[in-house]
Amino acid sequence: MDQTRYILSRLGQSLLALFCIITITFFIARLAPGGPFNDDKAVPAHIQAKMEAYYGLDKPLPVQYIKYIGNLLTGDFGSSFGNKGFTVAEVIAQGAPISLAIGLGGLLFALAIGIPLGTLAASRKNTKTDYFSMSFAMLGICIPTFVVGPLLAIFFGLRLGWFNAWGWFQPTDWILPSLTLGIYYGAYIARLTRGGMLEILGQDYIRTARAKGVSQFNILFGHAFRGGIIPVVNFLGPALAGLISGSFVVETIFGLDGLGQHFITAATNRDYPLILGTVFFYAVLIITVNFLVDLLQVWLNPRLRAARA
Amino acid sequence: MPLLDVKDLKVHFHTREGIVRAVDGVSFSLEKGGTLGIVGESGSGKSVTCYSLLGLIPMPPGRIEGGTAHFDGTDLLQLGESGLRKVRGKRISMIFQDPMTCLNPFLKIKDQLIEPLLLHTDTNKTDALKEAIKALGDVGIRDPEKTVHAYPHEFSGGMRQRVMIAMALITKPELLIADEPTTALDVTIQKQVLDLIKDRQKALGTAVIFITHDLAVVSEVCDHVNVMYAGRFVESAPTDVLFKSPAHAYTRALQASIPALQEKGKPLYTIPGAPPNLLALPKGCTFAPRAAVKDGHLDTQPPFAEIKPGHFAQNCPACLKISEPQMSKDLIL
Ligand SMILES: Nc1ncnc2c1ncn2[C@@H]1O[C@H](COP(=O)(O)OP(=O)(O)OP(=O)(O)O)[C@@H](O)[C@H]1O
Ligand SMILES: [Mg+2]
């Protein structure tokens with residue numbers, strides 16, 4: 001019962017947040033100078049006025065805003081100005097799968113790299129293994145994706161020929177972009193895991209476990225892991241947001257027609273409906289992810305579970 | 001043959017500041033089913049003495065510099081990690097000072113309780129759970145069928161210490177090391193937990209090493225007491241002997257600081273000064289700077305000698321000198 005009430009109240013908060021995000025984005029986009037039809041080549045003033053009238057851009061801003069929200073409530077995101085002949089929903093439906101694939105793939109790599117590396121470093125604290133892992137993590141954080149990406153493309157794509165260095169043609173094409181993202185976030189997760197595990201490994205109850213004859217492996221994974229990865233779980237929300245919405249650079253490097261691309265072009269072209277559509281999509285995604293992360297935290301930590309009940 | 005026979009144990013920590021001589025040549029033995037007390041102020045090396053037997057001190061910086069610790073014939077100090085793992089929680093168990101932090105908050109009581117059984121015996125999970133429920137009942141936890149499924153945060157400190165005791169004894173170990181098991185509990189609970197340990201000891205025939213800085217606790221549970229000071233034993237005797245005729249000035253001072261034995265209305269006696277810095281121990285008698293008798297302390301390390309049959313003490317003439325007026329001064333000062 002309490003669980004249902006909690007979920008309902010979270011849902012309410014999320015809708016409110018979504019509404020605020022849309023409203024703020026709507027007005028900020030309009031406050032920015034320029035417009036969708038201020039092209040480089042001069043468009044005759046009367047044609048521009050006609051186009052603006054056609055799209056309803058000549059009406060007062062509040063009227064446009066109310067109309068937009070009304071359409072949104074019926075599920076209509078409008079048409080993209082920049083992608084002629086496509087609705088916003090169609091553009092998102094085309095770009096989102098690519099962005100989601102490389103974002104989730106990136107998360108997969110990040111966890112697969114970061115958690116073992118951080119756990120290893122923590123269990124061998126202040127040894128060569130620890131220093132080596134953490135130097136590697138520091139490198140991963142410091143080298144920007146626009147350097148790592150091309151290096152991976154050159155090595156695995158051109159030299160070894162294992163993957164396409166560019167484009168979205170084969171089922172394996174997500175791997176290099178995801179790896180590029182995964183190295184950066186994995187490095188960060190490695191440091192978080194090491195810190196979290198060290199904190200737990202210093203606790204009295206780990207000494208209790210050792211005094212019971214538990215092996216080092218089971219100490220790490222049976223006794224310390226749940227507590228040790230809490231910092232990583234807390235980071236999952238922001239990480240996923242960054243992975244999915246911030247994949248613009250990686251999409252550019254690997255020539256992918258993802259949502260990040262559409263978002264940036266929409267912003268530079270003042271493609272208002274597409275800006276709002278992508279922001280809406282990202283917001284829903286991030287809110288959902290944060291909600292799942294919250295549930296995961298509660299599930300991991302019995303004290304939180306008790307507090308919630 | 002004693003159950004545990006420790007000879008000349010030396011455990012040092014190699015830190016940046018220098019070598020901490022936490023345990024510096026300690027010997028004791030314990031018979032099957034016996035109870036041995038180790039008393040001393042904070043930092044005297046009581047915990048390190050016992051943890052090093054089970055390989056539980058962090059190495060580095062810790063290092064066992066010498067000695068032997070024969071447990072039922074095998075030298076624990078030579079066993080190595082995998083050998084020790086078979087002893088820990090099976091033949092030698094431990095309970096610790098702070099029950100609030102010694103149970104894993106992420107795991108259910110039952111999972112922590114049955115772990116020693118699953119690790120060290122070939123009990124299956126169902127039977128282990130039955131044993132866990134029985135063990136909880138044995139330490140006086142009500143409704144064990146239900147509470148076994150709870151998490152540690154649902155228990156009070158006293159209850160958690162009972163769970164710790166149940167967990168330590170679930171494999172019926174031959175030796176229980178109790179490191180200040182009552183220090184963190186409030187007074188009414190302390191007595192209950194002490195009685196519980198005595199009670200379980202009697203039922204299972206377990207030998208117990210009781211670490212404490214409270215002489216009153218020792219008098220209640222131990223057959224034999226070792227008094228520890230700055231990494232060494234300064235006195236070792238059967239409990240009644242130690243209480244009736246303490247030989248060493250430090251033991252007398254400890255006794256004098258038991259609040260219950262002091263005169264009402266007078267300010268409480270505490271031992272003047274602080275324990276010596278283990279990084280730079282004085283060459284001679286380590287208690288000299290704090291002793292009431294100032295003259296005549298040895299300036300080489302005093303030998304640990306049998307001063308009466310079965311009664312050992314660090315043989316520094318000044319520390320062992322008891323002239324009547326001085327003793328009363330020591331006691332009431
Ligand atoms: N990991 C360590 N590194 C350096 N020194 C240590 C370490 N562990 C213990 N020591 C030192 O060893 C000495 C003895 O510590 P120990 O924990 O055995 O004292 P204790 O008699 O159990 O005291 P307490 O009553 O406070 O538990 C202390 O001076 C402490 O500073
Ligand atoms: Mg201690």
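Letters go in sequence order (proteins before strands), and every chain restarts at 1.
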Counting heavy-atom pairs under 4.5 Å with chain A, the top scorer among B:Ala168, B:Pro152, B:Gly89, B:Cys102 is B:Cys102
So which residue, B:Lys108, B:Gln112, B:Lys90, B:Gln97, ends up with the most heavy-atom pairs under 4.5 Å with chain A?
B:Gln112
Under a 4.5 Å heavy-atom cut-off, does chain A meet the side chain of [X], its backbone, both or neither?
{"X": "B:Glu154", "value": "neither"}
{"X": "B:Phe106", "value": "both"}
{"X": "B:Leu54", "value": "neither"}

Ionic contact status for B:Arg200 with B:Asp138, cut-off 4.0 Å:
yes
For A:Phe132 together with A:Phe136, are the ring centres under 6.0 Å from each other?
no
Quick one: which of A:Val214, A:Asn301, A:Asn218 has the most heavy-atom pairs under 4.5 Å with chain B, could you say?
A:Val214
Does NZ or CZ of A:Arg207 lie under 6.0 Å from the centre of the six-membered ring of B:Phe96, at an angle within 45° of the ring axis?
yes
Would you say A:Leu243 and A:Ile102 make side-chain contact, with heavy atoms under 4.5 Å?
no
Can you tell me how the ring of B:His14 sits relative to the ring of B:His12, calling it parallel under 30°, perpendicular over 60° and tilted otherwise?
tilted
Taking side chain to side chain donor-acceptor pair (under 3.5 Å) as the definition, give me every residue that meets it alongside B:Asn124, ordered by chain and number, with sequence neighbours left out.
none
Side chain, backbone, both or neither: which part of A:Leu300 has a non-hydrogen atom closer than 4.5 Å to chain B?
backbone
